[in-house]
Amino acid sequence: MAKKNSNIPETSSSSALVPILVQSTAMIDDEELAIPVEAPIVSSYNDRIRPLLDAIDKLRHLKVMQEGIQLPTIVVVGDQSSGKSSVLESLAGINLPRGQGICTRVPLIMRLQHHIDPLPELQLEFLGRTLQTDETHISDAINQATDDIAGSGKGISHTPLTLVVKKNGVPDLTMVDLPGITRVPVHGQPDDIYEQISAIITEYITPEESIILNVLSATVDFPTCESIRMSQRVDKTGLRTLAVVTKADKAPEGLLNKVMADDVNIGLGYVCVRNRIGDESYDEARKEEANLFETHPLLSKFDKSIVGIPVLAQKLVRIQATIIAKCLPEIVRKINDKLNANSSELTRMPQNLTSVPEAMSALMQIIGSSVEALRKVLLRGEFEEYPDDKHMHCTARLVEMLNQCAQELQKSSEDNYKDNFLMEEIRVLEETRGIWLPNFLPRAAFLMILQNKVKEISRAPVGFVSKVWEYIETVVVAVLKRHSEHYPQLESSTRRAAQSLIAKRKDMSADRVAEIIEMEKIIDYTCDPEYLTVWGKLMASKNLFLDVMNNYSRCTLITIDDFGEVDVGHLRSFPSVRDQAFDIKMRITAYWKIVLKRLVDSMALNLQFSVNNLVNMDMEKEIVNELMDPHGGGLERLLEESPSVVTKRERLNKSIKLLKDSKEVVAKFFALVVLLAKMPEIPYHSDGKLFCGINVMFVFGSVLLAYNALQSNGKYYALVDDIVLSISAGGFASRLDSDALLKMI
């Protein structure tokens with residue numbers, strides 16, 4: 001059974017219906033103003049709570065929840081035919097749509113507001129429209145608005161419909177009524193109607209900021225209600241759930257035990273009510289309800305703090321004020337955080353170019369940043385822009401490719417010397433014999449062997465050039481794309497310029513490498529002393545070679561530096577040329593080391609030189625020429641933003657406007673709180689008609705402290721930390737230091 005609030009005196013249901021008028025005064029701008037406070041169906045916080053609720057309602061109307069900022073909400077759920085509509089009608093004092101099947105097909109946001117004017121004001125807000133109506137036509141108006149939102153069939157929609165009820169005697173509440181839960185689709189409803197309704201309900205009751213008002217019929221077992229199962233999935237402890245038990249007069253037997261047992265774990269307690277019957281007026285229905293719980297032999301045993309529509313309204317108002325005050329600081333923080341994040345993101349977006357000078361400035365900035373990025377990754381080996389992308393660690397990748405090429409050159413130049421040692425040299429010597437002294441080495445033989453070896457490895461340098469420039473092209477295009485991503489029209493031009501320039505550089509490098517290879521074929525020269533050093537070491541094995549050749553009794557396996565163990569027995573058949581063949585072999589071996597090293601060094605130097613010129617000399621000029629070309633589109637192309645950028649900019653601007661409007665709503669509320677805080681005291685009414693005790697002080701204590709988190713935009717008063725709340729058991733008093741208000745800017 002729900003516990004009584006010790007701060008609120010107990011009242012009977014009937015007495016709560018009697019409107020009273022108390023008057024308080026406030027000193028505002030040195031003028032004493034009378035503030036009337038009239039009690040509605042339940043004693044509410046009236047003028048002091050209304051701004052708080054209005055602020056949340058305005059945030060909801062602004063659709064701040066689209067920004068991921070959840071608002072405190074009372075969500076009304078219940079199985080079909082649970083009496084949900086009857087409860088809401090009793091709270092609002094109006095007739096809602098009735099009929100077979102699902103009456104509520106869209107989320108219905110009900111904003112109830114007590115006001116003094118005896119003439120009610122009703123309006124519907126949906127799909128950007130506002131429709132004024134009256135009590136006579138409200139049901140038809142809701143049906144028509146629902147058809148406009150969800151179609152004229154029996155389907156449902158997530159799009160909400162807002163009903164604003166300003167009426168004398170209603171509690172200050174905002175609730176969201178959701179479609180009643182049904183498992184079996186009726187004619188005209190989709191087969192997955194249960195899944196659709198379940199999805200809508202889950203969406204609204206899942207946030208921790210939501211209070212679940214679970215409407216249960218007294219005629220059913222509570223654990224079997226589908227609405228209970230849904231609420232328990234998201235609120236296992238029940239701390240966010242309040243149960244209202246309808247049709248108490250239809251099944252009074254055992255109802256008290258069901259409520260007392262609380263088998264379904266309702267943390268906020270139960271309230272039992274009687275549904276309005278037939279043509280009863282709302283006043284008549286409340287009197288009948290009060291009489292029922294006073295005189296019925298079973299229902300009169302219920303504690304008066306858990307029966308009747310007025311008690312339900314009282315609980316909802318108090319719970320609503322508490323949850324709003326609890327959530328408000330976090331709402332303020334989230335609005336500020338989201339606004340700052342979106343503003344920063346919008347600032348980082350490219351400037352919306354509107355003139356050719358702006359386009360030229362943007363182009364130079366893009367080219368400058370791109371060239372600097374290329375210097376870092378291609379020349380200096382700095383890759384802070386791409387820490388985790390090894391493909392963009394260019395200097396390391398280029399070294400890998402160069403080392404791989406060197407290994408391929410070395411491997412491709414090795415011959416099968418162990419099986420046919422000196423046979424290639426003997427063949428060349430025999431083909432280059434001439435009429436001259438026999439002890440001279442023919443230079444033609446040396447060059448022929450050299451040319452054959454160079455020809456064998458010529459493919460590797462050409463392949464290296466192609467592979468390197470293909471890699472460089474991917475890097476350059478990636479960098480240019482990164483720095484021009486917001487200008488796809490520029491991206492295509494820079495890509496074409498880069499590809500064209502790299503193709504030229506690739507051809508130039510290929511020509512240079514081909515030229516180097518040709519030079520190595522026809523020129524045999526080096527000033528590197530390593531040649532003579534290596535040749536000398538190799539020739540040290542010649543005496544051993546000659547001794548084996550002349551002494552047939554010796555083993556024909558000998559060990560030679562750089563060759564290891566070789567068999568020379570077959571060379572005894574070539575006494576006239578084997579000495580020259582040995583000498584040429586050692587000379588070509590020593591010189592070939594120089595050739596390979598010189599070839600790799602030349603390719604490395606040419607690569608570095610070409611990349612340096614590409615980045616520092618050619619890139620900027622090539623991009624500008626591409627844009628200025630008649631087919632390039634000119635700078636005017638930069639004035640056209642891409643659809644994705646336009647969409648993102650519009651989304652951010654819309655979000656920032658929404659958040660600024662939300663911030664302004666909260667700021668206005670706090671400015672009003674500051675003014676109300678100047679009121680010396682609001683009396684605590686002894687008969688329970690006006691509750692301005694601890695709960696109100698809790699609410700305003702929370703929101704005043706929360707205001708420190710609000711970054712005022714200068715239009716409203718700001719509070720400083722030295723706000724002092726003076727709380728007394730007999731009333732509510734707020735005292736502000738003289739320095740608590742800053743000047744309005």
Side-chain angles (χ1 to χ4, degrees), residues 406-458 460 516-517 519-602:
Q407 293 172 3
E408 291 176 0
L409 288 173
Q410 183 65 42
K411 185 177 180 180
S412 62
S413 64
E414 293 177 355
D415 56 13
N416 190 12
Y417 53 81
K418 289 190 176 183
D419 296 333
N420 300 287
F421 186 63
L422 298 185
M423 290 308 297
E424 175 64 17
E425 287 73 16
I426 290 174
R427 184 188 67 78
V428 172
L429 283 170
E430 288 181 342
E431 292 300 318
T432 57
R433 288 180 297 177
I435 302 175
W436 47 65
L437 292 175
N439 61 342
F440 282 89
L441 285 176
R443 185 167 180 267
F446 183 88
L447 289 177
M448 184 176 294
I449 295 173
L450 177 63
Q451 288 172 2
N452 290 337
K453 291 182 72 66
V454 171
K455 189 179 297 183
E456 288 175 356
I457 58 95
S458 61
I516 292 172
I517 291 173
M519 285 191 297
E520 295 294 351
K521 285 181 181 179
I522 62 176
I523 306 297
D524 54 337
Y525 172 78
T526 182
C527 62
D528 192 335
E530 184 182 357
Y531 165 68
L532 291 176
T533 301
V534 173
W535 176 73
K537 291 180 180 180
L538 293 172
M539 290 299 291
S541 303
K542 187 173 183 179
N543 289 335
L544 175 61
F545 171 72
L546 294 176
D547 185 43
V548 171
M549 290 296 98
N550 295 324
N551 189 347
Y552 284 76
S553 62
R554 293 198 58 172
C555 176
T556 58
L557 293 175
I558 64 174
T559 301
I560 304 175
D561 285 347
D562 281 9
F563 293 92
E565 189 177 72
V566 295
D567 187 356
V568 296
H570 60 282
L571 297 176
R572 288 172 175 170
S573 302
F574 304 95
S576 62
V577 293
R578 63 192 179 197
D579 292 353
Q580 288 182 323
F582 186 90
D583 198 353
I584 286 180
K585 184 70 171 181
M586 299 308 117
R587 290 178 187 274
I588 202 71
T589 300
Y591 184 63
W592 189 243
K593 293 179 181 293
I594 302 298
V595 170
L596 292 181
K597 184 190 298 185
R598 186 163 58 200
L599 189 57
V600 173
D601 288 347
S602 296

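Everything numeric in this text was worked out from a predicted model, so none of it was measured.
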* **Under 3.5 Å: donor-acceptor pair, side chain of Glu408, backbone of Ile457** => no
Do [Y] and [X] meet the salt-bridge criterion of a basic N to acidic O distance under 4.0 Å?
X      : Y      : answer
Arg598 : Asp528 : no
Arg427 : Glu424 : yes
Asp583 : Arg587 : yes

* Asked: Do the ring planes of Phe421 and Phe582 sit parallel (below 30°), tilted (30 to 60°) or perpendicular (above 60°)?
  -> perpendicular
State, with a plain yes or no, whether a side-chain heavy atom of [X] is found less than 4.5 Å away from one of [Y].
X      : Y      : result
Glu431 : Met448 : no
Lys542 : Met586 : no
Phe446 : Leu441 : no
Lys453 : Val595 : no
Leu571 : Ile426 : yes
Thr589 : Phe563 : yes
Ile522 : Leu447 : no

Are there over 12 heavy-atom neighbours, none belonging to [X], within less than 6.0 Å of that residue's [atom1]?
X      : atom1 : result
Met539 : CE    : yes
Lys537 : NZ    : no
Lys593 : NZ    : no

Once you round to the nearest 0.5 Å, how far does [atom1] of [X] lie from [atom2] of [Y]?
X      : Y      : atom1 : atom2 : value
Ser458 : Gln451 : OG    : CD    : 12.0 Å
Trp535 : Leu532 : CH2   : CG    : 7.5 Å
Ile523 : Lys521 : CD1   : NZ    : 13.0 Å

* Asked: Between Tyr552 and Arg572, is there a cation-pi geometry (under 6.0 Å to ring centre, at most 45° from the normal)?
  -> yes
* Just do the side chain to side chain contact (heavy atoms under 4.5 Å, CB included) check on Trp592 and Leu450 with the steps written out, would you? => CA-CA 8 Å; Trp592 189 243; Leu450 177 63; 4.0 Å; yes
* Passes side chain to side chain contact (heavy atoms under 4.5 Å, CB included), Phe574 versus Leu429? Steps please. -> CA-CA 11 Å; Phe574 304 95; Leu429 283 170; over 6 Å; no
* **Non-hydrogen atoms of Phe440 and Gln580 that approach each other most closely** => O-NE2, 3.2 Å
